[in-house]
Student: 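One structure, pasted below without further comment.
Because the structure is a prediction, the values reported are computed rather than measured. Order of the sequence lines fixes the chain letters, A, B, ..., with proteins taken first and strands second; residue numbering starts at 1 for each chain.
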4 protein chains.
Amino acid sequence: MATVELEQPITGAPALSDRTIMKALVYHGPGKRGWEDKPRPAIQDPGDAIVRVTTTTICGTDLNILKGHLPVVTDGRILGHEGIGVVEQVGTGVSEFHVGDRVIISCITACLKCDFCKRGMYSHCRRGGWVLGCAIDGTQAEYVRIPHADGSLYRFPPGGDEEALVMLSDILPTGFECGVLNGQVKPGDTVAVVGAGPVGLAVLLTAQFYSPAAIFMIDMDAKRLAVAKAFGATTVIDSTDGHAAHHVMELTEGAGVDVAIEAVGIRATFDICQAIVAAGGRIANVGVHGKPVDLHLEKLWDRNISVTTRLVDTVTTPMLLRVVRSGKLQPRKLVSHRFAMGDIMKAYDTFGNAAKQGALKVILTNGPVE
Amino acid sequence: MATVELEQPITGAPALSDRTIMKALVYHGPGKRGWEDKPRPAIQDPGDAIVRVTTTTICGTDLNILKGHLPVVTDGRILGHEGIGVVEQVGTGVSEFHVGDRVIISCITACLKCDFCKRGMYSHCRRGGWVLGCAIDGTQAEYVRIPHADGSLYRFPPGGDEEALVMLSDILPTGFECGVLNGQVKPGDTVAVVGAGPVGLAVLLTAQFYSPAAIFMIDMDAKRLAVAKAFGATTVIDSTDGHAAHHVMELTEGAGVDVAIEAVGIRATFDICQAIVAAGGRIANVGVHGKPVDLHLEKLWDRNISVTTRLVDTVTTPMLLRVVRSGKLQPRKLVSHRFAMGDIMKAYDTFGNAAKQGALKVILTNGPVE
Amino acid sequence: MATVELEQPITGAPALSDRTIMKALVYHGPGKRGWEDKPRPAIQDPGDAIVRVTTTTICGTDLNILKGHLPVVTDGRILGHEGIGVVEQVGTGVSEFHVGDRVIISCITACLKCDFCKRGMYSHCRRGGWVLGCAIDGTQAEYVRIPHADGSLYRFPPGGDEEALVMLSDILPTGFECGVLNGQVKPGDTVAVVGAGPVGLAVLLTAQFYSPAAIFMIDMDAKRLAVAKAFGATTVIDSTDGHAAHHVMELTEGAGVDVAIEAVGIRATFDICQAIVAAGGRIANVGVHGKPVDLHLEKLWDRNISVTTRLVDTVTTPMLLRVVRSGKLQPRKLVSHRFAMGDIMKAYDTFGNAAKQGALKVILTNGPVE
Amino acid sequence: MATVELEQPITGAPALSDRTIMKALVYHGPGKRGWEDKPRPAIQDPGDAIVRVTTTTICGTDLNILKGHLPVVTDGRILGHEGIGVVEQVGTGVSEFHVGDRVIISCITACLKCDFCKRGMYSHCRRGGWVLGCAIDGTQAEYVRIPHADGSLYRFPPGGDEEALVMLSDILPTGFECGVLNGQVKPGDTVAVVGAGPVGLAVLLTAQFYSPAAIFMIDMDAKRLAVAKAFGATTVIDSTDGHAAHHVMELTEGAGVDVAIEAVGIRATFDICQAIVAAGGRIANVGVHGKPVDLHLEKLWDRNISVTTRLVDTVTTPMLLRVVRSGKLQPRKLVSHRFAMGDIMKAYDTFGNAAKQGALKVILTNGPVE
């Protein structure tokens, strides 16, 4: 198994750094994926770094890609945009990282020099943005090439926990920036999160940075709601009966919530948000939508609300890292399953049946699973 | 004519303050209005003031009421929510105003004591909000009762111009708060205002407080666009060809605008805003909508935008008053027609055919027109 | 003892509400105070309420008054600006409160109608601000007159804890508004609070609303530092050696703190703040200063910092109330001693020797101490 | 004269790009400067660019250096941190600029990669900040090496005016960021600027982006006050009588100003700011201070004010460029004198006697003066 070789090279065998082939999870069109040999990535630009991936995970977006929903992802692409690893090689233009540094790989690639990067909107970087495992090869592999490494990697802290910190690649900044910051959660607020999947749970965890008085978690999956309760939700609401909005309005005595966070990506959940947002409140959309929704301006035009959208910028990664290190956030909670990287096909099966499997985040390690 | 009596009471005749009857513009169901005798309003609560109206105007919303679009407005209601006047009488709880004070009447009634008022959201005051000429009798009359006078009136400055300052009752704070502040217009921004009616023009005038680099005004009425140009629009775009969004994208070299302000209230104009908003931009809705619109989250979910709605709070009235007094804003520009109050039926005809008449704001004065 | 009569009137004795005399803590010039008979307050203005005080406490400012430091406080003044009570009587202009309502008395009196109140700066209310127990008689009495009651009282929640909620009168909003909000504490920040007295501890408790990564508490009193540690300080620093700033710089590896909060009111502690604030950081002054301090602009002019001052506005009281009710803040922790109101002279002795007595907040109840 | 050679190389002579010697203004310790031969700068790091300077100017800080006030500046240093030029050469790591590009040189060098740069605090860049003409050779020369060119240069717009845009190197972003943004100037505000030198005038020009109702300019130089009046000051106050604060308080009817901006750098002017700032107001320090000042916390502790300091970050340069291009700001106004670069010794004499010479900004061009 490749992962064994990585950590314990057998004497006489070519050292990993000499091999030109690696294993990777490759997309081959809708529904098709394989754990295959691929050429090891090489430096292409002075800003590149090659990172040996030690931990990665699977995102709901990877499943969307596998369903063929993102035409930009083509046959042969290595998937994955989350990961922890060790810098193997750097281009001449890389100044912040050196060979041997342990790093957190951000799902967003940032050149730092374009107008969007200068404004802190890395998501719209003119040379990057979300490209990993999408427009270029990603992290579900033994090695990955990270362009604009100085803007796209973060130093892994001494004594850090890989399982916890791989959540900083995407899911925690996504929940925090798109949900909590855009929703402007404040102490004493009443917050509702519609969708208790991994991203909704990341919203739940990071919303607590601001001490809201109440957080309602809404989902149709009782298992996820139980997790939400354990993660700090003050109330969980099973929306199977189609009356989630009604329940929220009762719980808030007709006032609605200060912040409604959509973490699913469909019309029905966006409708719940519109039905429960208080006058003066915020709807923060986190979900990835494939179709238009109705915006009920006939009811909302005079309600003094905002609706926000955002692709994560990962500009809060340093802040999140400080909070994790302080012990105030424990992202490891989000891990439900662990696999060796070589078992990634099985890991996809598990994550792809999340409801049945009770899966949240599945951890993949290039090395023996602890 | 009542207005003559008001200003020049004939000796021997009963002084105005003794009369119990006044003239007012009364709504009698869809399409029906009259300039009629009504009882003079009297103090009902300690916070009330009775104001003799010296100047008023007609709002697009008054036309909507006349079309029967607001069921809350019932037969017999005196219309109007804008005005300048003189305090005739105050309740025992009024501390900020005295008999004889000249005042600007805000379209929004604010008790100042409820939770919404304390948050600066007077629009949602639990005892007020927009009630004048809607839930209670309004300002298109010789006299009007203003509840919660201390929160709902503003002192008319010495040497002020009634025609200019009546624009502070509604249209200027509406354009400024719902459009410019919610849109977060900043120096150097590119702004598009969709709709060059009176409210769109109020947006145009007040957006200039922040020195945007460009303001595009979009409308189908060439006359209004000419006015917009004269009022400071850097570019005007006739949307008759259905390609307004295309023109804006060309003008911005594909970037779109930082701020798109909807000042009409229909699906088509909201669609233009969605098509032209830049990544990281804001859509500020000002228009009153009667139907839902499509929100294109399938395109916007990752564009880092905000959509805001707002009923004017009139919390910026003191600020606007200072800017008007400094000469940096000249709201009188918005006045296109002038009538004596007794000719209000004719004024409605003119304003109701705004396009044909080239009407913006029509001024009604209880006294000889200057 | 009066407090017994209050709760258990003896049959045949005049009911309390008929008595015209009450007991109160009266200031008689520097160093002189008495627990004396005073006339019961009566409604003077339509906005007044008379509140029967059930719980009060003593503030450091009361000690300053007793030292003669506030010339505005004159002989005969009843002290105290904190309290919980029951509304006994309301003026005709009071709309938010009724006889029998339990209320939290704010230390700040707000008319809600003046320009400062409308901006949310109740501290500078043109008819109020801090007047209780200062320019007018205060709460260390059986009864107190509260002017502008609608803006100066807050509803006591059902099931609330008087000892906890009396901290909302002054100390918690002071720590939160002047320290935490002005200091803009954010998740992941490093915060230092100079001074671990009751106000510094209130800063410590409310700073945690925002999940800073580290909070350093600096004081010369080991007992108070122990309390600070128990209240959530991540590090406590004894400044007796005069090297507190040095220790902070070491702990932050030379970076300094994002937020330095001064909670003492003297030059030496303000100097510590200047020495430890990081580039881009904030110094929030909470302490009451009697003398100028040096501002080291020769070092700070290019450090991109802010220094803020504030008299508490108590505009966050509703937010704080929600957080207390949610269980995320437990102000009762601040209580170190409890007395019956009749023992207030002794309570002053205890609080006046806070260091020796280990006193934080002392609770005074008009009724048997629990 | 070198400047003639630059623009019109004599046939047969070595082309400029072959020469290894250039002319530069060199500091030789307190009071000593020369226009001397120096080696032409060369690329040292991949991020460097060599820029041929076409326009530069002199800053008040250059005079401070010449007085020996900045020990960091040592004998042999080429002064100057402002300039417009043409890119002659770029390192391999430069991606935003190419040989031949016309550029605005920022006074602040930004690596874009360090923690401060990522936060938008370029002034504290760990590899740059203010280094030009200070820690490294500057722009008062024929050529200058710009480290971290991608973060430290801005594209000169087609059709731009060099005299106008050289003001974007330092003085306009300084006035705008340190004065106007830190002072949070808002529409309708009353603003006072203490000091009508070039930086104070830059504050005055950029404060008008936000439509304050009044801007008071305070100085002791009648000529500068006349300029201020012409630049849009609503009132100018000659502080020669020592009663500037008194005048401001009278003009504001005792309220004081919303924003007081210190643009001198001495105790007396900072004192004026403290004396005139309104409750709830802001003091924005722009001046470079050599000594501590008194901060009157005994008067200000309860006034809800802020005092800010800032070294310019130049993060607003793109915004300023858009405003200049829109015609809403005309920085050319700030130019009082023009010299050929070869006459820079004379230009220093003029600028060094600014009061007598009526000097604001002096323009130096490498080429014939227009």
Student: Look only at the side chain of E177(D) and the backbone of D313(D), and say whether a donor-acceptor pair between them is shorter than 3.5 Å.
Tutor: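 Yes, the answer is positive, given that a donor and an acceptor are paired below the 3.5 Å cut-off.
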
Student: Has the side chain of R155(B) got a donor or acceptor atom that lies under 3.5 Å from a matching backbone atom of E96(B)?
Tutor: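 Yes, R155(B) side chain to E96(B) backbone: donor-acceptor pair under 3.5 Å.
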
Student: Looking at G188(B), P318(B), P187(B), which makes the most heavy-atom pairs under 4.5 Å with chain D?
Tutor: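 The candidate making the most pairs under 4.5 Å is P187(B).
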
Student: Is the side chain of D150(D) donor-acceptor paired with the backbone N or O of S95(D) at a distance under 3.5 Å, no angle test?
Tutor: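 Yes; judged by distance alone, with no hydrogens or angles, the pair exists.
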
Student: Between S106(B) and S152(B), does any side-chain donor sit less than 3.5 Å from a side-chain acceptor?
Tutor: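 No, no side-chain donor-acceptor pair sits under 3.5 Å.
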
Student: With a 4.0 Å cut-off on N to O distance, would you call K186(D) and D189(D) a salt bridge?
Tutor: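 D189(D) and K186(D): salt-bridged.
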
Student: Which residues from residues 319-330 of chain B are near chain D, with near meaning under 4.5 Å between non-hydrogen atoms?
Tutor: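 Near chain D, by residue number: M319(B), R322(B), V323(B), S326(B), K328(B).
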
Student: Examine distances only and state if a side-chain atom of T55(B) and a backbone atom of G83(B) form a donor-acceptor pair shorter than 3.5 Å.
Tutor: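 No, T55(B) side chain to G83(B) backbone: no donor-acceptor pair under 3.5 Å.
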
Student: Determine, for D258(B) against R282(B), whether the closest basic-nitrogen to carboxylate-oxygen distance falls under 4.0 angstrom.
Tutor: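 Between R282(B) and D258(B) there is no salt bridge, as every charged N stays at least 4.0 Å from the carboxylate O atoms.
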
Student: Got a salt bridge between E82(B) and K361(B), using NZ or NE/NH1/NH2 to carboxylate O under 4.0 Å?
Tutor: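 A salt bridge links E82(B) with K361(B).
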
Student: Taking side chain as C-beta onward, heavy atoms only, is C59(B) less than 4.5 Å from D170(B)?
Tutor: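 In short, these two side chains touch, coming nearer than 4.5 Å.
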
Student: Distance-only, no hydrogens or angles: does the K333(B) side chain make a donor-acceptor pair with backbone N or O of F231(B) under 3.5 Å?
Tutor: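 Not a single qualifying donor-acceptor pair exists.
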
Student: Within residues 194-215 of chain B, which residues come under 4.5 Å of chain D, heavy atom to heavy atom?
Tutor: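 Answer by number: Q208(B), F209(B), Y210(B), S211(B), P212(B), A213(B).
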
